[in-house]
There are 4 protein chains.
Amino acid sequence: MPKVVLEYKEEAKRRIVKHAMKLFSERGYYQTRMIDIANSMGVSKGAIYQYFSSKYEILIAVLEAHTTLREQEVRSFLDSGLSSLATGEFFDRMLAIRMSTPPLGPDIFREAARNKSLMEWFRINSEKWLQEFVDLLNEQKKDGVIRSGVDTEPLARGILALRDGLYSSLSLGTDIAKARTAWVEIMRILLKENLDEA
Amino acid sequence: MPKVVLEYKEEAKRRIVKHAMKLFSERGYYQTRMIDIANSMGVSKGAIYQYFSSKYEILIAVLEAHTTLREQEVRSFLDSGLSSLATGEFFDRMLAIRMSTPPLGPDIFREAARNKSLMEWFRINSEKWLQEFVDLLNEQKKDGVIRSGVDTEPLARGILALRDGLYSSLSLGTDIAKARTAWVEIMRILLKENLDEA
Amino acid sequence: MPKVVLEYKEEAKRRIVKHAMKLFSERGYYQTRMIDIANSMGVSKGAIYQYFSSKYEILIAVLEAHTTLREQEVRSFLDSGLSSLATGEFFDRMLAIRMSTPPLGPDIFREAARNKSLMEWFRINSEKWLQEFVDLLNEQKKDGVIRSGVDTEPLARGILALRDGLYSSLSLGTDIAKARTAWVEIMRILLKENLDEA
Amino acid sequence: MPKVVLEYKEEAKRRIVKHAMKLFSERGYYQTRMIDIANSMGVSKGAIYQYFSSKYEILIAVLEAHTTLREQEVRSFLDSGLSSLATGEFFDRMLAIRMSTPPLGPDIFREAARNKSLMEWFRINSEKWLQEFVDLLNEQKKDGVIRSGVDTEPLARGILALRDGLYSSLSLGTDIAKARTAWVEIMRILLKENLDEA
DNA sequence: CATGAATGAGACTTCATTCAT
DNA sequence: TATGAATGAAGTCTCATTCAT
């Protein structure tokens with residue numbers, strides 16, 4: 001197949017994945033019909049089957065793309081350094097990135113769990129990201145900014161869990177301002193304990 | 001209708017809700033067929049319609065029951081006092097309670113959102129529980145155990161978000177031991193900052 | 001079985017038939033559920049099965065009872081003599097009788113058509129009644145009241161058809177007063193032609 | 001949407017309505033399953049839902065089409081003039097037209113009664129047709145062919161009721177020849193009274 | 001390549017009938 | 001006998017997928 005056609009196919013798949021991801025995130029996998037994806041793109045149902053052989057294939061592609069997009073979030077987190085972590089601006093910036101790649105519901109992960117290699121890839125990714133965060137904390141520790149008694153791995157895990165917990169509380173009706181304040185307060189305590197206590 | 005019959009009907013509804021809750025939690029609302037609930041109970045699907053006029057009615061009842069059951073968790077949290085909060089035993093006890101009423105996916109909340117009064121009831125419950133937790137922290141603060149500079153509302157919100165974030169990470173494959181350690185470490189820092197800093 | 005019990009059973013069957021006939025006439029056979037009949041009588045579904053082994057058996061009994069009740073109408077028709085036929089009072093009297101045994105829809109006859117002997121009984125009844133009407137007209141003819149050139153059998157058939165056509169137009173919204181006037185006018189012409197033309 | 005597609009959709013709907021009308025008329029609305037309509041057309045049941053969103057929508061369309069087809073019958077009636085009315089040929093011609101659009105049972109009208117505007121359209125149509133017939137009789141009356149003492153509105157109503165009564169007697173087993181004779185005899189009397197009595 | 005009509009498996013729901021109490 | 005909970009066949013409707021144009 002000529003290169004141009006291949007590229008076109010890739011571009012088409014990307015467009016499908018983009019629209020499907022939005023719909024899956026908004027309505028869930030089972031509540032999204034093939035025709036919803038097609039309508040959202042302004043094409044016909046049949047066209048989608050030129051690029052994906054089933055709805056399940058789209059789901060797999062959506063999850064892969066989702067993970068890739070989420071890497072951005074991780075990078076921002078890591079690139080920010082630790083100093084700005086305990087600020088409302090950081091919370092908002094992270095939230096904006098997360099919203100641009102909204103969370104996928106458990107229905108999607110349940111379906112995807114049939115695909116062992118995909119699940120393994122997820123796990124490895126998550127661990128890699130966590131480890132990078134831990135490494136960053138360890139550097140700070142080595143520099144004496146975090147005192148030696150603190151275990152950085154649980155700290156990293158806790159910070160990420162706090163972030164996820166606050167973001168998910170938003171979809172249950174919590175006010176953004178209140179979630180932001182909680183983040184700032186908790187992070188201040190956590191980092192004060194670790195950074196300032198000289 | 002005689003009282004005995006009414007009681008039987010209530011008991012039957014409770015049994016249906018129990019089985020439905022388990023299935024909804026495991027597979028999600030749309031992936032649970034009426035026949036799954038029936039099979040799980042060892043009855044025919046027709047029987048269920050004696051007690052609920054539609055699958056949606058079951059969903060509403062499941063959510064109400066879920067909220068009621070979750071109140072237990074809240075009570076344990078509040079009854080524990082603050083001293084045991086930063087322990088692995090506390091984490092495990094809470095986790096056991098949460099597992100006995102496993103989380104419901106967003107598909108269920110999406111459907112239930114059609115029921116305005118139910119949603120309002122949820123919101124009011126959540127706020128009430130959060131407020132009780134805040135009150136408890138405020139007492140500690142009044143007693144001087146938490147120093148005056150700390151805002152207890154964000155603190156309470158953050159602790160609950162941390163708990164939720166850690167629990168949900170478990171379903172994505174995180175090791176329980178690691179989540180427990182994270183809880184203990186973070187809570188130690190949070191409470192040390194507030195309680196021990198004399 | 002003792003006679004008293006038999007009589008009780010007959011009475012019970014009659015009550016069921018009465019309620020079923022009303023409902024079948026109002027809603028049709030398929031739109032009437034067994035529980036509707038039971039509720040209408042203030043008994044339970046199960047009780048009905050003590051007296052009829054199926055819904056179809058009730059239908060047969062309803063049709064038999066209906067035919068028997070309709071005989072009243074026929075008798076009134078025949079007993080009135082011919083002189084009062086062309087009056088609004090006659091029309092109203094017949095209508096009242098017909099309303100007391102409201103018409104059964106085609107769904108019921110369609111079902112009953114499976115029962116050959118019942119259908120045969122209907123046919124024979126109808127013919128018998130028509131013949132009695134014809135005989136009456138023939139007597140009038142013999143007395144010279146109806147002139148010899150008129151064929152009484154078609155006349156009888158036409159008068160009955162006119163009656164049925166007018167009554168059924170009522171259920172499609174025709175005003176009773178207008179149907180009554182039509183009856184009187186037409187009957188006046190028909191009988192004037194036959195009776196007065198001396 | 002291109003015109004060609006629209007036309008195809010219209011044609012498909014017409015085909016569905018045609019088959020549904022036949023089945024509704026033969027078996028009644030509730031006894032006709034969607035799969036019966038589909039089988040009758042040689043398509044799958046799913047296909048029908050491309051054109052009608054529910055069985056009830058088909059019912060509405062069937063009733064509209066039925067009324068339109070019935071207009072033919074009315075036109076034949078009116079176009080025939082009054083002279084041929086009292087003939088067996090007229091009876092047969094009308095019967096053929098009616099059979100080509102067989103009557104719909106009360107179950108259908110009961111269902112359709114939910115649709116107020118449709119019911120209103122029926123009523124207006126019926127009245128319009130009756131009025132046209134009355135106008136025709138009035139013309140004859142003005143020409144002196146019907147004498148002045150006769151009220152044409154009841155006469156028209158009676159003739160239509162006679163026709164309906166005779167046609168419906170056919171479905172209860174009456175011999176066509178006998179119904180035809182009754183029509184001719186009665187109409188002869190009615191029109192002789194009105195036309196010949198010079 | 002794109003379209004959308006058609007297919008048919010499968011979900012929810014109804015209701016005549018049975019049967020333990 | 002009476003009750004009403006339970007059964008399961010059957011009906012309406014949905015939607016992923018196929019395929020002729």
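To find a chain, count down the sequence lines: A is the first, B the second, and so on, and within it residues start at 1. Hydrogens, waters and symmetry mates are skipped; everything else that's a heavy atom, side chains included, is used. The structure presented is a predicted model; accordingly, all values stated were derived computationally and were not measured.
Without hydrogens or angle criteria, Arg110(B) side chain to Glu26(A) main chain gives a donor-acceptor distance under 3.5 Å. Counting only distance, with no hydrogens or angles, the side chain of Lys55(C) and the backbone of Thr32(C) share a donor-acceptor pair below 3.5 Å. No donor-acceptor distance shorter than 3.5 angstrom exists from the side chain of Asn125(B) to the backbone of Phe122(B), with no hydrogens or angles considered. Side chain of His66(C) to main chain of Pro102(C): a donor-acceptor pair is present (N/O by atom type, distance under 3.5 Å, no hydrogens or angles). The backbone N or O of Tyr49(A) sits nowhere less than 3.5 Å from a side-chain atom of Ser53(A) that would complete a donor-acceptor pair.
Between Leu59(D) atom CG and dT12(F) atom C1' there is a gap of 15 Å when expressed in whole angstrom units. Rounded to whole angstrom, the span from the CD atom of Glu57(C) across to the P atom of dA16(E) amounts to 15 Å. Distance Arg33(D) CZ to dA9(F) C1': 12 Å, rounded to the nearest Å. Atom pair Arg15(C):CZ and dA2(F):P shows a separation of 10 Å (rounding to whole Å applied). For the pair Tyr56(D) OH and dC13(F) C1', the computed distance is 17 Å after rounding to whole Å. Rounded to an integer number of Å, the gap from CD1 of Ile48(A) to P of dA2(E) is 11 Å. Asn39(D) has its CG atom 15 Å from the P atom of dA6(E), to the nearest Å.
Taking 4.0 angstrom as the limit, Tyr51(A) places a side-chain polar atom (N or O) nearer than this to OP1 or OP2 of dA2(E). Taking 4.0 angstrom as the limit, Lys45(A) places none of its side-chain polar atoms (N or O) nearer than this to OP1 or OP2 of dA2(E). Between Tyr49(A) and dC15(F) there is no side-chain polar atom (N or O) within less than 4.0 angstrom of OP1 or OP2. Checking the phosphate oxygens (OP1, OP2) of dA2(E), a side-chain nitrogen or oxygen of Tyr8(A) falls inside 4.0 Å. Close to dA5(E), at under 4.0 Å from its OP1 or OP2, lies a side-chain N or O of Gln50(D).
Where Ile35(C) and Tyr29(B) meet DNA chain E, the nucleotide closest to each residue was compared, and Tyr29(B) sits on the side nearer the 5' end. Annotation: of the two residues near DNA chain E, Gly46(C) and Val43(D), the 5′-most nearest-nucleotide partner is Val43(D). Each of Gln31(A) and Thr32(D) lies near DNA chain F, and the nucleotide nearest Thr32(D) is the one positioned closer to the 5' end. Toward the 5′ end of DNA chain F lies the nearest nucleotide of Tyr30(D), the other residue of the pair Ser53(A) and Tyr30(D) mapping further downstream.
For Ala47(A), the side-chain atoms get nearest to dT3(E) when compared with the rest of dT3(E), dT7(E), dG11(F). In the set dA16(E), dA16(F), dT7(F), the nucleotide with an atom closest to the side chain of Met34(A) is dA16(F). Looking at the side chain of Lys55(A), the nearest of the listed nucleotides dA16(F), dC15(E), dA5(F) is dA16(F).
Under the 4.5 Å side-chain criterion, counting only non-hydrogen atoms from C-beta, Arg15(B) is not in contact with Tyr51(B). Taking the side chain as every heavy atom from C-beta outward, Pro106(D) and Pro106(C) approach each other to under 4.5 Å.
Residue Ser54(D) is in sugar-phosphate contact alone, with no base atom involved, counting any heavy-atom pair closer than 4.0 Å across all strands shown.
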Exercise for the section: Give DNA chain F the dot-bracket treatment, 5' to 3': Watson-Crick (N1-N3 with N6-O4 or O6-N4) or G-U (N1-O2, O6-N3) under 3.5 Å, [ ] crossing, | other strand. Expected result: .||||||||||||||||||||
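Nearest heavy-atom pair across Leu104(C) and Phe109(C) is O-CE1, 3.6 Å.
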